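See below for the structure under consideration.
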Amino acid sequence: MTEKTTNGIGAPLPRESARRLAEGRGRYVDDITMPGLLHIAFVRAPFAHGRVLKIEKDDAFEVCGVVAVIEGKDLAEICVPYDTNPTGVPNHVSAPQPPLVVDESCFQGEAVVAVVATSRAAAEDGAELVFVDWDELPASCSIEEAQADSAVPAHTNFDDNLTLKHRFGAVDVSDAFANAAHVVESNFDFGRQTGVTLEPRGIIAHWDPRTEELEVWQSHQVPWQMREVYATQLGLSPQSVRVTAPDVGGAFGLKLHAYADELAVVAVSKLMGRPVKYIVDRLEAFTADAHAREARAICRMALDPQGHILGIDARVDAGFGAYAMHPRGSFGEAMQAAQMIGAPYKVGAFRAEVFGWRQNKPPSGAYRGVGQPIACAITEDMIDLAASAVGIDPVEMRRINYRSTLDEGARATEAGLVIEELSLDRCLAKLINAMDYDRLRAEQTALRGKGVYRGIGLASFVELTGVGAGLYGPLGLTVAANEACRLTLQPDGSLTCATSVTDQGQGTLSALAQLIAGEFDIAPDKVRMIAGDTGRTPYGGGAWASRGMALGGEAAKRASERMREGLFEVAAGILQCEPSDLSLANGAVVGPKGPSGLTLAEIAAICHYRPYDSPLGKVPQMTIEESFVPSDVPYIASNGVHAVHIEVDPDLGTVMLLDYWVVDDCGTVVNPLLVDEQLRGGIVQGIGAALYEECLYSEDGQFTNGTLADYVVPMACEMPDIHVGHVTTPTRSTGLGAKGVGEAGTVGAPGAVRTALNDALSPLGARVTQQPFTASRILEAVMAAEAANK
Amino acid sequence: MKSPDFAYLRAESLDEALIALADNEDGIVLAGGQSLVAALNLRLQAPELVIDINHIPGLDGINVTGDTVRIGALVRHAQLMAHSGATRALPLIRAALPYVAHPAIRNRGTTCGSLAYGDPAAEMPACAVAMDATLVLASTDGTREVSARDYYEGLYETQREPYEILIEAHFPVAPTGTRALFDEVVVRRGDFASLGLAGQMRLGGGSIAAFDLVAFGSEPAPRLLTDVAQIALGRVADTGLIADLAQAISDAVRPMESPLATPEIRRRQYRALAKRALRYAMELSDA
Amino acid sequence: MPEDTIRFTLNGREVTVSARSRGHLGDLLRYELGQTGTHIGCEHGVCGACNVMMNGRVVRSCLTLAVQIAGAEIETIEHARSDRSTVALQNAFVARNAFQCGYCTPGMIMTARELLAENAAPCREEIRDAISGNLCRCTGYQAIVEAISDAAVTLREHADD
Amino acid sequence: MKMQDSRIIAAPRDSVFEAILKPEMLKICIPGAEEVTGSAAQGFEALVVQKVGPVKAKFRGTVKVEDVVPGTALRLVGEGKGGAAGFARGAATVTLADHPEGTELTYEVDAKIGGKLAQLGSRIIDGFARKMADQFFERFKKALEIETTFDGSTG
């Protein structure tokens with residue numbers, strides 16, 4: 001921790017640079033307009049699986065304002081379908097996904113026809129007059145249907161729906177179970193969810209036939225990835241494509257992917273040579289945005305008499321969509337859901353099989369936490385089952401099994417996780433103290449006597465953050481994993497940082513400015529941040545897997561250090577001392593004899609205008625670029641423990657969230673204000689998954705809760721106050737020592753709510769296994785227990 | 001999703017609105033617009049003519065007389081909520097209004113609009129049935145009065161003809177000592193109610209002198225629980241009565257089939273909700 | 001006033017628009033009048049991102065027809081700088097980091113403004129109830145509750161000046 | 001969405017069977033039917049406007065008659081496209097049996113609503129489909145009973 005905590009690392013500085021958002025001066029994609037801008041509305045498939053027989057477009061042209069009605073075959077001439085078949089995951093195969101359906105459509109809501117008009121309203125009027133004749137085909141909508149032997153293929157290119165098959169750990173773990181004192185087992189169900197960003201997806205594409213350049217503005221997390229995608233699909237040189245992500249209204253992984261409807265917009269612009277805007281509306285968002293988390297699992301855990309874990313044996317069946325999500329595939333969620341089971345603990349023997357099943361539903365892709373919320377929920381529920389089987393307190397059960405480092409001489413855990421030093425025991429100790437655990441347990445016991453059912457839930461987690469090139473590279477996926485910072489000292493002494501990192505509200509750009517400002521002891525508003533625009537930033541990953549500060553911060557720190565070294569050489573020459581004697585205080589050099597009056601502005605003026613005044617005879621670089629990707633480890637593991645205190649009404653089926661605590665170790669904290677809010681926001685998304693959120697499909701694949709009144713996301717009244725604590729173990733992979741935190745909240749919250757609910761229901765002999773835990777599912781469990789006790 | 005185009009009439013008088021409605025089979029009235037404009041935006045409605053009655057004078061009054069509170073068609077939920085005379089005279093309305101949606105919706109949504117539309121999960125129709133309110137329907141043929149207890153016939157089915165406008169609601173002033181009974185189960189504050197109870201109760205010498213109760217939310221339309229009320233009359237207000245009434249309510253309701261919950265689960269919830277609501281209503285002092 | 005125009009007051013200025021305007025007030029503000037501070041999140045009245053002030057009350061601009069606002073006084077976040085309560089809220093939101101992506105913030109501030117106009121010292125439950133119709137997917141709401149509470153304190157302390 | 005119900009119609013079985021296949025009868029019985037043309041043999045064309053709560057959808061579609069067992073049973077298969085609102089498909093298996101008070105008509109309806117309409121959440125959709133089925137057979141019962149009592153003969 002550097003001593004300057006006023007504005008450097010560790011200062012809870014507010015985001016002054018973001019004040020404009022509170023004044024309505026944000027610039028999101030839909031706020032951007034330009035002359036001649038056209039608008040698109042899509043005619044979308046009404047069936048889960050169908051074949052287009054005929055499209056009649058003429059009536060649409062009767063609408064004043066309709067300029068063009070474009071079908072799949074029109075775009076096929078200039079745009080190739082997505083080909084999402086990562087060589088490194090051989091069985092994860094996917095049919096080509098065209099921008100617009102050509103003949104086979106395999107999820108309700110897939111874009112079929114693009115109506116282009118002078119306004120969105122006119123485009124929608126036109127879309128209503130396009131007649132599409134369909135042949136409805138049989139569909140596989142649930143995981144059970146998709147994995148049945150007689151299953152209908154979700155896409156006729158295949159004769160079954162298996163699209164992922166993998167095993168982590170040992171082939172056989174049966175002897176760990178053979179001589180176990182206790183074996184506990186449970187099944188788990190996780191509902192299909194979607195990210196529900198308040199700002200829906202949106203894109204403007206402008207192909208200029210004169211310059212033969214494509215400009216795209218898009219609400220997105222990884223503009224560099226999208227530059228490569230559009231160049232590949234349209235057969236353009238990447239250098240002729242520029243993608244800019246302006247202000248983004250929330251992303252959460254949902255805006256990490258390449259969508260067919262957005263590709264269609266780009267292709268339409270290329271076809272027409274006109275700027276075209278398309279903003280997804282809320283109904284379309286539910287049926288066409290990436291889905292995630294649909295999974296079924298079964299897990300067994302073997303224990304010795306004292307409660308030590310001897311072995312874990314698990315199977316996860318994950319529900320994907322009709323196509324693999326482009327470009328990173330749909331396997332990420334399922335793989336981490338299986339591999340991360342038991343991660344916080346020494347588990348002895350470990351086996352986790354994972355299967356991915358194609359379904360006639362929208363493609364599923366990474367969403368905040370990427371499978372780790374499922375692994376954590378399974379693990380922590382099993383730990384509680386084990387604690388009651390062995391007869392020890394759930395806190396003790398966790399403490400005696402926590403892992404702190406890799407086993408002696410091991411390169412990875414049984415599941416293949418390369419884990420650095422963990423601090424779960426210290427996090428747990430701090431958590432138990434913060435929540436006054438013993439008092440809550442005593443109060444819980446007393447209240448049960450009066451028929452009031454309180455629950456205390458605990459969830460320990462390990463989370464993979466700052467993921468490097470080791471994840472996607474070997475799988476043959478062209479995904480940038482480095483983060484870069486191009487730092488420029490302006491003639492007036494201010495600094496410009498162009499970073500590959502992007503910010504959808506996490507505050508990463510403010511934290512980077514704060515970090516850089518701290519290195520020169522200047523005010524953060526003296527550091528201008530440039531991000532999200534491939535025309536003005538260095539190449540790099542963007543925002544995914546909680547990498548902003550972990551990797552982007554390290555690049556910024558290194559660039560700042562190199563810049564400072566160059567300036568100190570000039571200053572040392574002027575002040576007749578050694579560069580190592582120098583430091584900076586509020587933007588001016590401090591020499592051996594104290595403040596020198598030599599300001600950054602003065603040095604900058606010398607370097608830019610009066611190089612001859614530099615005693616070295618030459619001047620240092622005014623622009624320095626550093627790029628960083630972790631080389632020694634594939635990712636940086638962070639960890640923490642969640643706890644939630646709830647009250648369940650076993651007759652109404654309602655759950656009240658009384659209080660929530662989390663103690664998280666994300667290494668060096670640059671700005672605690674931003675980090676704590678990332679945790680709170682992530683926790684509430686995790687609570688949404690646990691209690692409210694599910695994409696409800698009818699048995700024939702019709703999405704049935706496509707409004708914000710029916711797909712329930714958490715709102716203010718039901719959410720608890722969340723008490724945030726920290727343990728700080730800097731990572732050794734970087735000089736900065738920061739680990740990722742963006743997903744830590746979402747990873748642990750579903751597990752905490754699940755264990756709290758089963759703790760609350762245990763005196764009734766009831767248990768819930770299917771998330772979200774709606775009133776109906778809670779009451780079904782209670783009524784089943786009542787029937788059994790009769 | 002952008003609303004389809006439509007003709008717009010800003011009616012300056014009630015007659016002008018009624019004539020336009022009678023002449024245009026595909027015309028629809030706009031008052032608060034909180035349900036209608038959402039349906040227009042979602043393209044679920046494509047009327048040829050929207051008749052805006054917001055500028056008709058004389059429809060936004062709240063009139064409290066000795067035994068009746070008259071609420072005009074343009075009275076916003078928030079306006080009624082802030083009217084001390086009306087809420088003192090109608091304790092059930094005072095208890096239920098805070099459950100209606102959210103502040104921004106209550107600022108524009110009208111109480112009579114909610115009564116006319118008859119959403120099964122809406123709070124105001126349930127209160128109108130419990131309080132035996134009278135709804136005044138106007139058309140080019142004149143006006144007619146319909147009891148709220150007859151007005152709601154089925155899921156979104158009411159006695160209002162397409163050419164009629166509900167211009168006023170008359171709520172009987174609750175006799176002194178009347179206690180409101182209102183409670184509902186929602187997933188989030190302000191959501192459509194999964195199930196709810198709206199009623200009025202008056203105690204005389206510790207026993208039930210008057211009792212009206214309506215179940216709503218899971219029912220296709222507000223359901224007046226007359227035989228439950230019969231059980232209560234004359235009984236002493238104690239935990240025994242609460243248990244009997246809670247069971248009677250649970251037996252009397254007929255929840256719609258829904259993928260969200262089976263009727264059996266809804267009945268169990270009604271029993272618990274009734275206990276909670278009755279316990280609260282009975283403990284209230286005679287304020 | 002020519003037959004085919006509608007006149008209303010927007011952020012203190014007289015404005016006229018075509019009476020043939022189609023769609024809701026949110027789109028009128030954003031596309032025809034360039035006031036993009038009002039955001040559209042759902043267009044069916046649930047999320048609250050589109051909240052603006054109409055005749056001094058907070059309303060959903062997506063549930064208000066453009067043609068319906070003749071003679072009304074509309075105020076959007078862009079004009080809020082001139083309103084003491086909104087400035088206090090904006091300062092508190094920045095100080096508490098009570099927004100992340102910023103998409104819900106203009107609508108949230110409009111709701112909070114009406115709350116503070118009616119209740120100078122709201123408790124946390126009253127604040128949560130007031131914003132129960134404003135969806136935020138980033139913050140988890142706690143920082144927003146604290147920011148509104150802070151703004152209430154600031155406004156009470158400086159009630160006179 | 002499946003449901004079944006039955007109605008006692010005060011009219012003889014064969015006149016009930018004949019009546020169900022006449023376009024004019026379908027026009028009276030299909031709630032919101034504005035036009036019904038065609039015949040049992042080639043199938044009917046229908047324009048139906050259905051209003052439930054916030055929804056007012058115009059369906060243009062066909063009604064086919066299948067699995068006819070003269071006098072005792074038949075299947076009505078309807079499919080309507082509601083433009084952007086989505087589509088409605090339904091099949092009603094109708095069986096007739098003699099009954100002391102006339103004819104017992106039992107129907108089993110399997111309705112499927114899709115596209116945007118389906119997205120509105122089950123609150124409305126179940127009601128939507130059930131209402132169309134119940135009203136159809138209620139109106140059919142009324143129309144038939146008036147017709148029979150009116151001319152006294154078996155029509």
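We name chains A, B, ... by the order of the sequence lines, and we start the count at 1 in each one. Keep in mind that what you see is a predicted model, and the values were worked out from it rather than measured.
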Which bit of [X] is near chain C, if near means a heavy-atom gap under 4.5 Å: side chain, backbone, both or neither?
X	result
Leu673(A)	both
Gln678(A)	both
Leu679(A)	neither
Pro200(A)	side chain
Val196(A)	both
Asp676(A)	neither
Asp247(A)	neither
Gln504(A)	backbone

I'd like to check [X] versus [Y] (side-chain heavy atoms, cut-off strictly below 4.5 Å). Are they in contact?
X	Y	answer
Leu38(A)	Lys277(A)	no
Tyr367(A)	Thr194(A)	no
Asp83(C)	Val87(C)	no

Report which part of [X] has an atom under 4.5 Å of a heavy atom belonging to chain A: side chain, backbone, both, or neither.
X	result
Thr105(C)	side chain
Asn91(C)	both
Arg137(C)	both
Ile109(C)	side chain
Leu89(C)	neither
Arg124(C)	side chain
Tyr103(C)	both

- Message: Quick check on the structure: residues of residues 52-73 of chain C within a heavy-atom distance below 4.5 Å of chain A, by number.
- Response: none
- Task: Indicate yes or no: does Glu75(C) engage Arg113(C) in a salt bridge with an N to O separation below 4.0 Å.
- Result: yes
- Query: If you measure from the Lys or Arg side-chain nitrogens to the Asp or Glu carboxylate oxygens, is any gap between Asp30(A) and Arg120(A) under 4.0 Å?
  - Reply: no
- Do His39(C) and Glu199(A) meet the criterion of a side-chain donor-acceptor pair at a distance under 3.5 Å? no
- Query: How about Tyr278(A) and His39(A): are their ring centres within less than 6.0 Å of each other?
  - Reply: no
